[in-house]
Novice: 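Sending over a structure as structure tokens; questions will come in a sec.
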Amino acid sequence: MYQLGDSKLEVRELLVKAFASAWEYTDKQVDRDTYINSSIHVIDSLQVGPEMIYGEEGQGLLDAELDHLPDLLRADGVWVYYEVPAENFFILTWMTDAEKADAKIAALQEEEGSLACVVDLAQEWRREN
């Protein structure tokens, strides 16, 4: 499990932290746990690279497990979350520092119908079974 300051974190933890961070920018009509859980379950495919994750949404995790969830990624620098709900995709991009991340987010937020934010690595969430 990731602790603040660790040099690496798992893809699954980064996804949870990204969805929790994105929830902060929604209208909050859906409670946080439901938002995170449903965001995880609609992932249809993941492409994972050392400094980027691309996810497509669709029917989601019905009976299958996604590859790469336990893979380790960088936890230094800053991760930026970007999604376009109408187009059913999200991207997580690693940036070297907060200044570059803020510039990237400012550019992305100019696109109508999208959400972009810094991933708060302090976010925590435990799935209730």
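Numbering of residues begins at 1 and proceeds along the displayed sequence. Quick caveat: nothing in here was measured; it's all calculated off a predicted structure.
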Novice: Any heavy-atom pair between the side chains of Trp79 and Val118 that's under 4.5 Å?
Specialist: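 A side-chain contact is absent here, since even the closest heavy-atom pair is not under 4.5 Å.
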Novice: Between Thr34 and Asn37, do the side chains contain an N or O donor and an N or O acceptor separated by less than 3.5 Å?
Specialist: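 Side-chain D/A pair, Thr34 to Asn37: absent.
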Novice: Please check if the side chain of Lys17 supplies one atom and the backbone of Leu121 the other of a donor-acceptor pair under 3.5 Å.
Specialist: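 Indeed, once roles are kept as given, a pair shorter than 3.5 Å links the two residues.
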Novice: Starting from Tyr35, can I reach Phe89 by hopping between I/L/V/M/F/W/Y residues whose side chains sit under 4.5 Å apart?
Specialist: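 The answer is no; the residues belong to distinct hydrophobic clusters.
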Novice: Measure the CG-NE2 distance between Leu46 and His68 for me, rounded to the nearest 0.5 Å.
Specialist: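 These two atoms lie 8.0 Å from each other.
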Novice: Would you check if His41 and Glu57 make a side-chain contact, meaning some heavy-atom pair closer than 4.5 Å?
Specialist: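 No, their side chains stay 4.5 Å or more apart.
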Novice: Could you state the interatomic distance from OH (Tyr2) to CD (Gln123), rounded to the nearest 0.5 Å?
Specialist: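 That separation rounds to 12.0 Å.
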Novice: Does the gap between the ring centers of Phe90 and Phe19 come in under 6.0 Å?
Specialist: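 Yes: the rings meet the under 6.0 Å criterion.
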Novice: Check the pair Leu9, Leu72 against side-chain contact (heavy atoms from CB on, under 4.5 Å), reporting the backbone distance first and the verdict last.
Specialist: CA-CA 5 Å; Leu9 79 162; Leu72 294 176; 5.9 Å; no
Novice: Take Val42 and Asn88 through the test side-chain contact (heavy atoms from CB on, under 4.5 Å) and record every step on the way to the result.
Specialist: CA-CA 9 Å; Val42 300; Asn88 298 321; over 6 Å; no
Novice: Check the hydrophobic clustering (I, L, V, M, F, W, Y; side-chain heavy atoms under 4.5 Å; chains of links allowed) and say if Val78 and Met52 are grouped together.
Specialist: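 Linked within one cluster.
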Novice: Is it true that a side-chain atom of Gln47 and a backbone atom of Ile53 form a donor plus acceptor pair closer than 3.5 Å?
Specialist: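 Here the side-chain-to-backbone pair does not exist.
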Novice: Measuring from atom OH of Tyr81 to atom OG1 of Thr93, what distance do you get when rounded to the nearest 0.5 angstrom?
Specialist: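 If we round to the nearest 0.5 Å, Tyr81:OH and Thr93:OG1 are 12.0 Å apart.
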Novice: Side-chain heavy atoms nearer than 4.5 Å, only ILVMFWY residues, links allowed to pass through others: does that put Leu115 and Val16 together?
Specialist: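 Yes, it is one cluster - the side chains of Leu115 and Val16 are joined through contacts under 4.5 Å.
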Novice: Tell me whether Asp6 contacts the main-chain N or O of Gln3 through its side chain, where contact means a donor paired with an acceptor under 3.5 Å.
Specialist: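 Checking the backbone N and O of Gln3 against the side chain of Asp6, a donor-acceptor pair under 3.5 Å is found.
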Novice: Can you check whether Asp120's main-chain N or O pairs, donor with acceptor, with Ser21's side chain at less than 3.5 Å?
Specialist: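 Yes; judged by distance alone, with no hydrogens or angles, the pair exists.
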Novice: Verify the cluster assignment for Tyr82 and Leu73: are they in a single hydrophobic cluster under the rule of side-chain heavy atoms below 4.5 Å apart?
Specialist: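 Tyr82 and Leu73: separate clusters.
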Novice: Would you give the length of the straight line joining atom OG1 of Thr26 to atom CD of Glu24, rounded to the nearest 0.5 angstrom?
Specialist: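 Thr26 OG1 to Glu24 CD: 8.0 Å, rounded to 0.5 Å.
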Novice: Say whether, by atom type as modelled, one donor and one acceptor occur between the side chain of Ser45 and the main chain of Gly55 under 3.5 angstrom.
Specialist: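 No, Ser45 side chain to Gly55 backbone: no donor-acceptor pair under 3.5 Å.
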Novice: Are Val119 and Val80 side-chain neighbours, meaning at least one heavy-atom pair lies under 4.5 Å?
Specialist: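 Val119 vs Val80: side chains apart.
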Novice: Does the cation-pi check pass for Lys28 over Trp23, that is, NZ or CZ under 6.0 Å from the six-membered ring centre and within 45° of its axis?
Specialist: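 The answer is yes; both the distance and angle limits are met.
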Novice: When rounded to the nearest 0.5 angstrom, what is the spacing between CD1 in Ile105 and CE in Met95?
Specialist: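 Taking CD1 in Ile105 and CE in Met95, the distance rounds to 8.5 Å.
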Novice: Yes or no on side-chain contact (heavy atoms from CB on, under 4.5 Å) for Leu15 and Leu69, after CA distance, side-chain angles and deciding distance?
Specialist: CA-CA 9 Å; Leu15 290 173; Leu69 288 178; 3.8 Å; yes
Novice: To the nearest 0.5 angstrom, please state how far the CD atom of Glu83 sits from the OG atom of Ser39.
Specialist: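 Answer rounded to 0.5 Å: 7.0 Å.
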Novice: Answer yes or no: is there a side-chain heavy-atom contact under 4.5 Å between Ser7 and Arg74?
Specialist: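 No, side chains not in contact.
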Novice: Same cluster for Ile36 and Tyr25 if Ile/Leu/Val/Met/Phe/Trp/Tyr side chains link at under 4.5 Å?
Specialist: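 Yes, one cluster joins them.
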Novice: What's the shortest heavy-atom distance between Pro85 and Gly113, and which atoms?
Specialist: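 Distance-wise, the nearest heavy atoms are CD-O, 3.4 Å.
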